Asks: 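Supplied in structure tokens, the structure appears directly below.
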Amino acid sequence: MKLACWNVNSVRARLPRVLAWLEKEKPDVVCLQELKVEDAEFPSLEIEALGYRAVVHGQRTYNGVGILARGELRDVVRGLGDGVDDPQARLIAASVDGVRVVCVYVPNGGEVGSDKWDYKRAWLRRLRQWLDRNADPKQPLVLCGDFNVSPEARDVHDPAAWEDSVLYHPEARAALQEVTAFGLRDTLRLHHADAGLYSWWDYRMLAFPKNRGLRIDLVLATEPLAARCVAAGIHRDERKGKQPSDHAPVWAEFAPGT
DNA sequence: ATGGTTGCTTAGCAA
């Protein structure tokens, strides 16, 4: 099973690129973030025409997540469902081919010390609680999406400069580690140890041509699924060309379960 | 410390 995960920064603005990428890469499962559309406006017809089914947890203007799959999507869950009054559409989960797929768009956090920063750290705590209540680290599960946190220094082009930012602040990394401590492996790091592998580059300041990026989009897998991960990578070329998202797709391939 | 860019929505916010 080939799984890919992409923050598209508006599915309507990105539709031609998304369709071309689906035709080229033909992933079996796709997790999308920052759809920026309500469910009714999601371009289901164009995507279904390529052989995918889609489940969406949309929102007007901001956020919005979805899962595409060639196979059947079962037991769909939208939102953290933890009783917190939270209108932001940031989580959708579904089961495909025996794998529980959880797609998340973690809050960016604005500025350190802001209300958004508090919301981000709280949301990551809520995500860990959601895993504790709704998942089992001994079962095949993938948690992927835009985490808006870089795990380590090798994931950041200039770690010292980013220490105080919401994307690499020590408290953000600690909150991410609380999530992965549930029992999740970073699939890219199962296959690649090198620095300089990024998934996001700011639109500004020629960040992409200068490769001033961060790896904030992750495909995390429980142990039984990580054991089946035969390859992982980043479709860096998708950041090139006309009207790209500011994120590149990240992907992992899993051998069939026994 | 500010500014740089993109998208949605329509001047300002979010990223």
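Just the heavy atoms: all of them, side chains too, but no hydrogens, waters or symmetry mates, feed the values below. Note that the structure is predicted; figures quoted are calculated from it, not measured. In what follows, chains carry the letters A, B, and so on, assigned in the order in which the sequence lines appear, proteins first and then strands, with residues in each chain numbered from 1.
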Asks: Nearest nucleotide by nearest heavy atom, which residue falls closer to the 5' end of DNA chain B, A13(A) or N108(A)?
Replies: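 The answer here is A13(A).
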
Asks: Going by heavy atoms in the side chains, are R173(A) and Y168(A) under 4.5 Å from each other?
Replies: yes

Asks: Please state the C1' separation for the pair dA14(B) and dT10(B) - nearest whole angstrom.
Replies: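 Straight-line distance between the two C1' atoms is 15 Å.
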
Asks: Touch check for Y105(A), heavy atoms < 4.0 angstrom, all strands: base, sugar-phosphate only, or nothing?
Replies: sugar-phosphate

Asks: Verify the neighbour count for atom CG of D194(A): are there more than 12 heavy atoms of other residues, nucleotides or ligands below 6.0 Å?
Replies: yes

Asks: Taking the hydrophobic residues Ile, Leu, Val, Met, Phe, Trp and Tyr, and joining any pair whose side-chain heavy atoms are under 4.5 Å apart, which ones share a cluster with W21(A)?
Replies: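 Via sub-4.5 Å side-chain contacts, W21(A) links to W6(A), V8(A), V11(A), L15(A), V18(A), L19(A), L22(A), V30(A), L32(A), L35(A), V37(A), F42(A), I47(A), L50(A), Y52(A), V56(A), L68(A).
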
Asks: Which protein N or O atoms sit under 3.5 Å from an N or O of nucleotides 3-5 of chain B?
Replies:
residue	atom	partner	partner atom	Å
dG4(B)	N1	R204(A)	NH1	3.1

Asks: How close or far is atom P of dC8(B) from atom CD of Q243(A), stated in whole angstroms?
Replies: 10 Å

Asks: In the structure I gave you, are the side-chain heavy atoms of V166(A) and N148(A) within less than 4.5 Å of one another anywhere?
Replies: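 SC-SC contact between V166(A) and N148(A) ruled out.
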
Asks: Rounding to a whole Å, what distance do you find between Q59(A):CD and dG7(B):P?
Replies: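 Value for this atom pair: 19 Å.
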
Asks: Measuring only between side-chain heavy atoms, which start at C-beta, is Y198(A) closer than 4.5 Å to R236(A)?
Replies: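 When only atoms from C-beta onward are counted, R236(A) and Y198(A) do not touch, as no gap falls below 4.5 Å.
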
Asks: Toward the 5' end of DNA chain B, which comes first, V11(A) or N7(A), by nearest nucleotide?
Replies: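 Its nearest nucleotide lies further toward 5', so the answer is V11(A).
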
Asks: Verify the neighbour count for atom NZ of K138(A): are there more than 12 heavy atoms of other residues, nucleotides or ligands below 6.0 Å?
Replies: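 No - once you tally the heavy atoms of other residues, nucleotides and ligands closer than 6.0 Å, there are 12 at most.
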
Asks: When the P atoms of dC13(B) and dG3(B) are compared, how many Å lie between them, rounded to an integer?
Replies: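 Taking atom P in both dG3(B) and dC13(B), they lie 15 Å apart.
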
Asks: Less than 4.5 Å apart, side chain to side chain, heavy atoms only: is that true for L220(A) and L141(A)?
Replies: no

Asks: Please state how far atom OH in Y119(A) lies from atom P in dC13(B), giving the value in whole angstrom units.
Replies: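 Nearest whole value for this atom pair: 19 Å.
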
Asks: To the nearest angstrom, how far is D217(A) atom CG from dA15(B) atom C1'?
Replies: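 Going from CG in D217(A) over to C1' in dA15(B) covers 13 Å.
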
Asks: NA contact type, R14(A), heavy-atom cut-off 4.0 Å: base, sugar-phosphate, or nothing?
Replies: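 Sugar-phosphate only.
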
Asks: Determine the interatomic distance between P on dT9(B) and the same-named atom on dT5(B); round to the nearest Å.
Replies: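 Comparing P positions in dT9(B) and dT5(B) gives a spacing of 22 Å.
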
Asks: Could you list, one pair per line, each protein nitrogen or oxygen that sits under 3.5 Å from a nitrogen or oxygen of nucleotides 9-11 of chain B, together with the distance?
Replies:
residue	atom	partner	partner atom	Å
dT9(B)	OP1	T61(A)	OG1	2.8

